[in-house]
Trainee: 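Before I ask anything, let me first share the structure, which is written out below as structure tokens.
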Amino acid sequence: MKIIKSKSYESFFVFAKKSEYVLPDLPYSYSALEPIIDAETMRIHHEKHHAAYLENLLNEIEGTHLINKNPYDLASDLNLVSESKLEKVKNNLGGFINHNMFFRMMRKPQKNNKPTDVINDLIVDSFGSFKNFKNEFVETAKNHFGVGWVWLCLRGKKLKICTTKNQDNPLMGKQFADADGMPILGVDVWEHAYYLQYQNKRADYVKAWFDLINWDEVERIYETRKIESKLEKRNDLLLGGKGDRAKEQDFDADELAKGIKTEMEHTDDEDMAKEIAMDHLTEDPKYYTKLLKAGL
Ligand code: MN3
């Protein structure tokens, strides 16, 4: 199989690459989000909280087979974790990936910050209007009891808002997170995320946070999630378990092949690209033919 080489494979599966258990730098300075989130909150959040989740996670998985899974795949497959480690792995893995996502989904405050056209169309299709969506999101955050997260997830072709407790992530699924779907946006509603400035006024924090959302990043994640979602449907078809449902969902092999090709054009790691392709594509003869035709 010919693998197209290019710049970076970061875009494949959002942030994940195998064994990427390192604390990412923030894509901006600690003061960049002021006046909406203060520098001290950002510093503690990143250097202390985020770093601690990673450290505690590594204490659990280093030296085990789990570390060979990329963190996002592991979150989607917590059945791999033994019962004795499950609680700690789930909490700290969630803390690690949730903050990876959260910090990347923000940027310097933008006046009149609006989604990209692609995301806006989806939001309007799912919620009627951007205003409805924002109101529902803020209201959900306000009403969520205790610590946790509020998410915007892709489910089928629609977007849904959901919440998770603690550091759970919808990728963990109903069984482990009591939520499901492919998260494309999420906000941290633990008090450590906002208490220095907003104290008990969580709704004010979330409303203001809307000016920080990096919608370009959200769109990039959405495009990746679409591919993942198709891969999942393809797995459903292959495995037979949820075959009928998957067939109903208008599974389009050509579109997926095109998406994979686009993603691979952004990779400079041939082994990684090969591995992804082998994992997800080549065991299906029909796919293999499509990919050969697509020049992969
Ligand atoms: Mn946090």
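Whatever order the structure lists them in is the order used to number ligands and atoms, beginning at 1.
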Trainee: Would you say the side chains of Asn100 and His50 form a donor-acceptor pair under 3.5 Å?
Mentor: yes

Trainee: Check which protein N, O or S atoms are less than 2.8 Å from the Mn ion (ligand 1) and report how many there are.
Mentor: 4

Trainee: What pairs of residues pass the side-chain hydrogen bond (donor to acceptor under 3.5 Å, both in side chains) test when at least one of them lies in residues 175-184, not counting sequence neighbours?
Mentor: Arg155-Asp180

Trainee: Out of curiosity, Trp151 CH2 to Leu159 CG, how far, rounded to the nearest 0.5 Å?
Mentor: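 Reported value, rounded in 0.5 Å steps: 14.5 Å.
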
Trainee: Under the side-chain contact (heavy atoms from CB on, under 4.5 Å) rule, what do Asn70 and Glu20 come out as? Steps first, then yes or no, please.
Mentor: CA-CA 6 Å; Asn70 86 50; Glu20 190 173 330; over 6 Å; no

Trainee: Using a strict threshold of under 4.0 Å (side-chain N to carboxylate O), is an ion pair present between Arg43 and Glu40?
Mentor: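 Salt bridge present between Glu40 and Arg43.
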
Trainee: Distance only, no hydrogens: is a donor on one side chain within 3.5 Å (strictly under) of an acceptor on the other, for Tyr28 and Asn214?
Mentor: no

